Participant: 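Shown below is the structure under consideration.
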Amino acid sequence: MKLLEHRAKRLLDSYGVPIPEGYVVKTPEEVRDISYSSVLKAQVPVGGRRKAGGVIFVSTLQEARTAAAEILKLRVSGYSPKEILVERKLDIVREIYLSITIDRSGRIPLLMASSEGGIEIETVPDDKIWKWHIHPFVGVQTYQIREIRSFLRMEDPGGRELSDILKNLWKFFWENDCELAEINPLVLTKDGRLMAGDAKITINDDSLYRHKDLVDLEEELTPLERKAKESGIAFVQLDGNIGVIANGAGLTMATLDNLDLYGGRGGVFLDLGGTDDPKKAERAFELMIEASPKVILLNIFGGMTKCDNVAAGVLAVKEKLGISVPVVARIRGMNEQRGREMLSGAGMIAVKDLDEACRRASEIGGS
Amino acid sequence: MKLLEHRAKRLLDSYGVPIPEGYVVKTPEEVRDISYSSVLKAQVPVGGRRKAGGVIFVSTLQEARTAAAEILKLRVSGYSPKEILVERKLDIVREIYLSITIDRSGRIPLLMASSEGGIEIETVPDDKIWKWHIHPFVGVQTYQIREIRSFLRMEDPGGRELSDILKNLWKFFWENDCELAEINPLVLTKDGRLMAGDAKITINDDSLYRHKDLVDLEEELTPLERKAKESGIAFVQLDGNIGVIANGAGLTMATLDNLDLYGGRGGVFLDLGGTDDPKKAERAFELMIEASPKVILLNIFGGMTKCDNVAAGVLAVKEKLGISVPVVARIRGMNEQRGREMLSGAGMIAVKDLDEACRRASEIGGS
Amino acid sequence: MSAILTKNTKVLVQGITGHQGSFNAGQMMEFGTKVVGGVTPGKSGETVLGLPVFDTMAEAVKITKANTSIVFVPAPFAKDAVLEAVDAGIKTVAVITERIPVRDSIEFIQYAKLRGTRIVGPNCPGLASPGKAKVGIMPNSIFSKGKIGVVSRSGTLTYEIVNALTESGLGQSTVIGIGGDPVIGTSFVDALRLFERDRETESIVLIGEIGGTAEEEAAEFIRKRMSKPVFAYVAGRMAPPGKRMGHAGAIIARGRGTAQSKISSLEAAGVKVASVPAEVPKIVLKGA
Amino acid sequence: MSAILTKNTKVLVQGITGHQGSFNAGQMMEFGTKVVGGVTPGKSGETVLGLPVFDTMAEAVKITKANTSIVFVPAPFAKDAVLEAVDAGIKTVAVITERIPVRDSIEFIQYAKLRGTRIVGPNCPGLASPGKAKVGIMPNSIFSKGKIGVVSRSGTLTYEIVNALTESGLGQSTVIGIGGDPVIGTSFVDALRLFERDRETESIVLIGEIGGTAEEEAAEFIRKRMSKPVFAYVAGRMAPPGKRMGHAGAIIARGRGTAQSKISSLEAAGVKVASVPAEVPKIVLKGA
């Protein structure tokens, strides 16, 4: 779960990472005091807001309110800002990049620092990024902090503050189950202070049950996306016309790959996860009918469930809601033959082979 | 460093381990309110106070003041109590034993629990003591707590409190560099609460530089012991008449063993530690003269220092303070021959062999 | 593969009294696995499929001499279960549970490493060596005994491909589902190293997917260290960039971790890569 | 002993610009050790005895290809120095520093174990293999090359006994001072295991002292696992019970850890035990 900038900053602040003065507004009228040069920033959980016009510098209250109104009308990568962060403009001397993320290969967190702050880190060459693994059993070490300070040529002023920020950022990262905690830029101001100019924080979704206090960000979802999410089904909208239901991310992706072999294009697809629970398959079928694809391709490789039970579930949905589009069903597992017979008996195309199923669905989709 | 009971309890309390109501007095007059049955406990950093009469139960203020006066007159294993803990008497249902210590073989902390609380744990058979290593990288685990509760047949009431106490005791132990944190007994009271009836805490001496707040216990030392301690020299008073100065605990003990071969008995002994610093050797010589043994045995095996420098230091002390007792010096290391010549030139017995030195010193000591 | 599962593999099922635990205990036994008991706190004395249930792993290991465990306990309690297994001296733990917080996985994987325990997973279908043992949830019907080692990040896609191998007469020495989470105990490289050493394995099928750089690292390892032939399939050529495809492992970001990057790396390391699952047995038969 | 020190041992001195660091760097070089540099934060660019000084271990290892380090930095900073060495990929770290908080020792020992680094010490005189290398502070003059492995908890007592061995014509393969602290990286048992495997070692002298149960555990190991003859001396027969004898390792408590308990255990394991240091060479010569 990505946190909006202002929430990320508030959390960092509570861990002793300094942030600029500021407040959040939801309407232009809420913009109050502009006693100093300020910046208004659209609060969206995606990048690219500056390019979209979501960051505006202002000097007067009038300017600020006009800017706020403009920002609230924007759409940034599909998100409409509902909140604006009004912040004191910083007197910038230097901009530093700082982040902690989880390194899959190393299997532990990785700290990155660079003198090239304020720009996208992907554009910074590798030799200008300092990287160090942080082992969670020992945390950020003094020698690492010494190295970072030296690498960033960050002696006082700011050096001691940097040490504290590194320790605090790590503590924050680990205690809050972060996948990413990025401060970019970390600003050194004219008066020698260090402040988080912007912050991107992603909390590991699987940990949210123990961070109830953090879960209040309303995701912008379509009604279908919301229903899928509530059922624990992964939903992805693609641009094709074949509705794919499969169990497991890998199998779902393999199905898309296989459709491509025959010119078929996935449209909506629903991934039940590793399960072959007939109830979940039923629910996915209901959702898929709402999405009205041209053809539905069901691909279930069963482990725990008998295929005739899955088939019975599909037939129940057909009974209840009716299915107006062709269905290609490919079910493997226990009692698979009986399952296929039940489905073909109800007018569906029931096959054994994934490849064949994809060919048949592509033919229908492409026709 | 051992903490007095009342300080140990105050610390445990601050970590969420419940303790009985109570307060500390230094004089009988300071005993105030006795609105309930109370117990007065001598505060000494050693065991055996109950046997010595240092624990007295009282019901009235008069009794309490009389008891306090008696306790302040006691001597418990060489210590005079200067403080008394006045505590509400507990309604005891059960007494449990709980401790965390460092297991040298396992190289990590060890948690011990037993239903046989309230008595010396050494007298409890092994199968009645539950032991589990706590790895500091992961701390006390939920499964361990479950096992302890089950082992102690400690379901509610008290079960949930026990879980908290285990977590808190571990946190306390680790954060405060403990060598031992023992709650014995942990009392289950009639009203279903758990409380630390007594507590023994030893802080690792080498960590005291980072626990300045804990270091205020005045050790009872003789003037000589104090001077030795200030010079970083280990001082031990034995019952013989040979004053031994050596560098390193092992070598010091080997010297005592070797003296025994010839009937010699160590008296005061001073261990300079692993060093052969001539300044420290000089200082030890000064202290040894104050201790006035019958003969002084100096045994230095040098690493970093030249032996003639050590000899020069010894001669400087002789010059300054005079040395009225015979000295047997055994110095090995760089320039050892020159060192021996300097000492024998000043009338000391200077030999090459430890065995010979011990024989000579024993002869003088025993004569 | 003797490096992980052998005829002496003795398995405890952590969370045996749950639906998934008891079902799969039965399936593992049908596969021929020596399942020796299960653990569910508070259920000591019960039996499941005739297997004794214990309160604690320590007790279960003491009595059954188990060396392997499989974890079905719910995500919030999975870390505790794995640490309990490690502390009880278990040598291989297959963690089936999905949606475990990644911090918990990091902790139990590092702790297991410290104590010399192998973790497979989390969020994985487990592992199986036909003729020896299965410690996982993969359907028994897909396997046949043979000389191919299979290692896969995916769950059901593994079933698909192992099934396809079996139907083409290509039996398996060991199949390892390493799991799709960002942080896992046994990586592609770990599994490849085991297969390279394993006398019962002659060639390897690697099943990857988009996201992360595990396939690229595997390619590097194959190029430098593997003498046995490796075949691969990488799912997700047609997956849309930047979208989550069901679990955290499948994110495409910044042009790295794409199917194309993985396929090119593997091909550059001499690996034949199939374009759809059904092609896997074909390239193996051709390559053999 | 090839298991720890070899002719390829390349040593970095952590804290080289201090008095102890620079003195011992020189002594180690005189011994024939390949000392390749030192580390003192903020002193990069300086030289000590012609050796380059680096700011960080990472840089020092990168440039010198060192595989071993010796730590002289003061106790409050020792943990950081050891972790830095471990993270820099050093394989053996001898920690000379005394009075390190035991919690710090526990942490760096466990972390080193996790990362596969051997720790000797803390609070130890280091180790030496005559003719190969010395990574420690033991005086060079006491050593001679030979077939005896020496392992000792004590510092200067080790000098005493190694010197006595040398004077009796009994050379040493490797001498390891494991240190006197309650928690140490390399135990008696670890050292005995190395000696048992080491082809250059024919017999072992173990130097123990009162306190703890390390000698009792060593005796158990000797009884079960050692084929090479072991000789011993245990200091502290005459030490008063319950008194600290200079460091934390030397406490007698509750009748365990006494000299008598240790000597009996060792003798029961077939170990000849000397009653004073000078007797050690005699029993070795007799036993050989």
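We name chains A, B, ... by the order of the sequence lines, and we start the count at 1 in each one. In this text, all values refer to a predicted model and were calculated from it rather than measured experimentally.
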Participant: Roughly how far, to the nearest 0.5 Å, is OH of A/Y143 from OG1 of D/T56?
Facilitator: 9.5 Å

Participant: Quick one: what part of A/E147 sits under 4.5 Å from any heavy atom of chain D, side chain, backbone, both or neither?
Facilitator: side chain

Participant: State whether the number of non-hydrogen atoms from other residues, nucleotides or ligands found under 6.0 Å of A/R210 atom CZ is greater than 12.
Facilitator: yes

Participant: Any chance you could lay out the salt bridge (charged side-chain N to carboxylate O under 4.0 Å, His left out) test for D/D80 and A/R146, step after step, and finish with the verdict?
Facilitator: CA-CA 11 Å; D/D80 191 57; A/R146 217 163 46 223; 3.5 Å; yes

Participant: Answer yes or no: does atom CD of A/E120 have more than 12 heavy-atom neighbours from other residues, nucleotides or ligands under 6.0 Å?
Facilitator: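 Atom CD in A/E120 is not packed in, count stays at 12 or less.
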
Participant: Restricting to non-hydrogen atoms, name the atom on D/E107 and the atom on A/F137 that form the minimum distance, rounded to 0.1 Å.
Facilitator: OE2-O, 4.4 Å

Participant: After noting the C-alpha distance and the side-chain angles of D/K79 and A/V138, does the key distance pass the side chain to side chain contact (heavy atoms under 4.5 Å, CB included) rule?
Facilitator: CA-CA 10 Å; D/K79 182 181 114 179; A/V138 293; 5.8 Å; no

Participant: For atom NZ of A/K171, is the number of surrounding heavy atoms from other residues, nucleotides or ligands below 6.0 Å larger than 12?
Facilitator: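 Count not over threshold, so no.
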
Participant: Before you tell me yes or no, could you show the steps for A/W132 and D/D87 under side chain to side chain contact (heavy atoms under 4.5 Å, CB included), namely the whole-Å CA-CA distance, both residues' side-chain angles and the distance that decides it to 0.1 Å?
Facilitator: CA-CA 10 Å; A/W132 212 272; D/D87 282 342; 4.1 Å; yes

Participant: State, yes or no, whether a side-chain contact exists between A/H135 and D/Y111 at a heavy-atom distance under 4.5 Å.
Facilitator: yes

Participant: Please identify, among D/E84, D/M57, D/E59, the residue contributing the most non-hydrogen atom pairs under 4.5 Å to chain A.
Facilitator: D/E84

